[in-house]
2 protein chains.
Amino acid sequence: MNRKKKPLSHPDVEKRLVDAGVQPTAQRIAICGYILGEADHPTAEEIKKWADRHFPKMSRATVYNTVKTLVDAGILQEFKFPHSDAAVYDSNTDIHYHFLDEKTGELHDVQPESVDLSVKLKEGFKVKGIQILLRGTKK
Amino acid sequence: MNRKKKPLSHPDVEKRLVDAGVQPTAQRIAICGYILGEADHPTAEEIKKWADRHFPKMSRATVYNTVKTLVDAGILQEFKFPHSDAAVYDSNTDIHYHFLDEKTGELHDVQPESVDLSVKLKEGFKVKGIQILLRGTKK
DNA sequence: CATATGATTAGAATAACTCTAAATTTAAAC
DNA sequence: GTTTAAATTTAGAGTTATTCTAATCATATG
C-alpha cells in the first residue's frame with residue numbers, strides 16, 4: 001500500500017513549480033501533481049501511461065523533458081537501480097535509501113535513521129555520497 | 001592503477017572453467033582469462049574491444065553469451081551502477097561493495113570489513129542482500 | 001499585438017542488450 | 001574414426017529506455 005500521499009490541488013502544484021523557478025505549464029502541473037500527490041516511484045513509462053488516461057495529449061518526450069526539469073529544480077530525485085533499466089522518480093528529495101521487495105518489485109524509502117553505517121577506507125578516498133539498496137521481502 | 005592482478009595462463013583458465021562445469025571453448029578461455037587476469041570491472045563493450053585486438057574473430061553476441069555463462073557458473077559477478085547504463089563484470093565473487101571515483105569513473109572494490117552497518121527496519125521487512133555504492137574522489 | 005523565448009511534439013537516433021535461426025564446433029555413440 | 005547429437009558461435013534483427021532534432025505551438029514581455 002501507498003504511504004501517506006495526499007492528492008494536491010492544481011494551484012498548490014503550480015505554486016510549487018513557480019517557487020522552484022519552473023514555468024507552470026499544463027503538462028508540468030499534471031505530471032508534477034501526479035508524482036507528488038499520487039504515484040510511488042513511477043518510471044517515465046508509468047507517468048506516460050497515467051498521462052494517456054488523465055491528460056488530453058502528451059508526448060513521451062514531454063514526460064522525459066518534464067521529469068528532467070523537475071529534478072533540476074530540486075522537486076524530484078531520480079534513482080536507477082540494478083534490478084530494472086528504467087529510472088524512477090521520487091518526491092522525497094532528502095537523503096534516503098531504498099528497500100526493494102524482490103517478490104513484488106516494490107520500492108520502499110528507507111530513512112537514514114534506520115541505517116547506521118560507518119565507512120573507513122584507505123587514505124585518499126573521500127566519500128561524498130552513499131547509495132544503498134536493501135533487497136529482501138516484506139510481509 | 002590496477003590492483004594486484006596477475007595474467008593467467010590459458011591452461012589455468014581452462015581448469016577454472018572445467019572445474020566450474022563450463023565447456024572451455026577458445027572464446028571462453030580468452031574472455032575469462034582477460035577478465036580474471038587483466039581487466040578491471042570491464043563492460044561488455046570493453047571486452048569486445050579487447051577481443052577485437054587479441055582474438056581472431058568474435059561476435060558481440062559471444063561476449064554477452066560468455067559473460068552470462070561465467071556469471072551463472074559463479075566465476076564472475078555482474079554489477080550495474082546508476083552512473084552508467086553498461087553492466088560491469090567483476091572477478092571478485094565474494095560479497096563486497098564499490099567506490100566510484102567521480103572524477104575518473106573508476107570503480108574500486110570495497111571490502112565488507114571497511115563498512116560497518118546495521119539496519120533496523122519496521123516489522124515485516126526481511127533484508128536478504130545489501131548493495132552499496134560509495135561515491136567520491138580518490139587522490 | 002509583435003516578437004522573442006521557452007515548451008511541446010513526432011519521429012529518428014542511440015546505447016546496451018537480447019533474440020533468432022543458421023552455421024560451426026565439440027562431444028558422444030557407435 | 002566416422003556419424004550423430006548436442007552445444008556453441010555468429011550476423012543481424014529486434015527490444016527497451018532514453019536522447020536528439022527540427023518543426024510547431026504557447027507564453028511572456030516590450
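So you know, we letter chains A, B, ... as the sequences are listed, proteins then strands, and number each from 1.
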Nearest whole Å is fine: how far is [N] [atom2] from [X] [atom1]?
X: A:L70; N: C:dT8; atom1: CG; atom2: P; answer: 10 Å
X: B:D85; N: D:dT18; atom1: CG; atom2: P; answer: 8 Å
X: A:K49; N: D:dA17; atom1: NZ; atom2: C1'; answer: 12 Å
X: A:I29; N: D:dA26; atom1: CD1; atom2: C1'; answer: 14 Å
X: A:Q23; N: D:dA28; atom1: CD; atom2: C1'; answer: 7 Å
X: A:L17; N: D:dT27; atom1: CG; atom2: P; answer: 14 Å
X: B:R28; N: C:dT24; atom1: CZ; atom2: C1'; answer: 14 Å
X: A:E78; N: D:dA17; atom1: CD; atom2: P; answer: 14 Å

Applying a 4.0 Å non-hydrogen cut-off, can you work out what B:Q27 is touching in the nucleic acid: base, sugar-phosphate, or nothing?
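Sugar-phosphate contact only.
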Using a cut-off of 4.0 Å on non-hydrogen atoms, how would the nucleic acid contact of B:A44 be classed: base, sugar-phosphate, or nothing?
nothing
Is there a chain of hydrophobic side chains (I, L, V, M, F, W, Y, each step under 4.5 Å between heavy atoms) that links A:Y89 to A:V63?
yes
What about B:V71 and B:L36, same hydrophobic cluster or not, with Ile/Leu/Val/Met/Phe/Trp/Tyr joined at side-chain heavy-atom distances under 4.5 Å?
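They do share one cluster, since a chain of ILVMFWY contacts under 4.5 Å joins B:V71 to B:L36.
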To check you understand the geometry: which heavy-atom pair defines the closest contact between B:I95 and B:Y97, and what is its length?
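Shortest heavy-atom separation between B:I95 and B:Y97 comes out as CG2-OH, 4.5 Å.
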Within the pair B:T25 and D:dT9, is there a side-chain N or O less than 4.0 Å away from OP1 or OP2?
yes
Kindly say whether [Y] contributes a backbone atom to a donor-acceptor pair with the side chain of [X] at under 3.5 angstrom?
X: A:R60; Y: A:K48; result: no
X: A:K128; Y: B:T137; result: no
X: B:R28; Y: B:Q23; result: yes

For DNA chain D, which residues in residues 56-68 of chain A have a heavy atom at a distance below 4.0 Å?
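A:R60, A:A61, A:Y64 - these, ordered by number, are the residues of the stretch whose heavy atoms sit under 4.0 Å from the strand.
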May I ask you to decide if the ring planes of B:W50 and B:Y34 are parallel, tilted or perpendicular, using 30° and 60° as cut-offs?
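Plane angle under 30°, so parallel.
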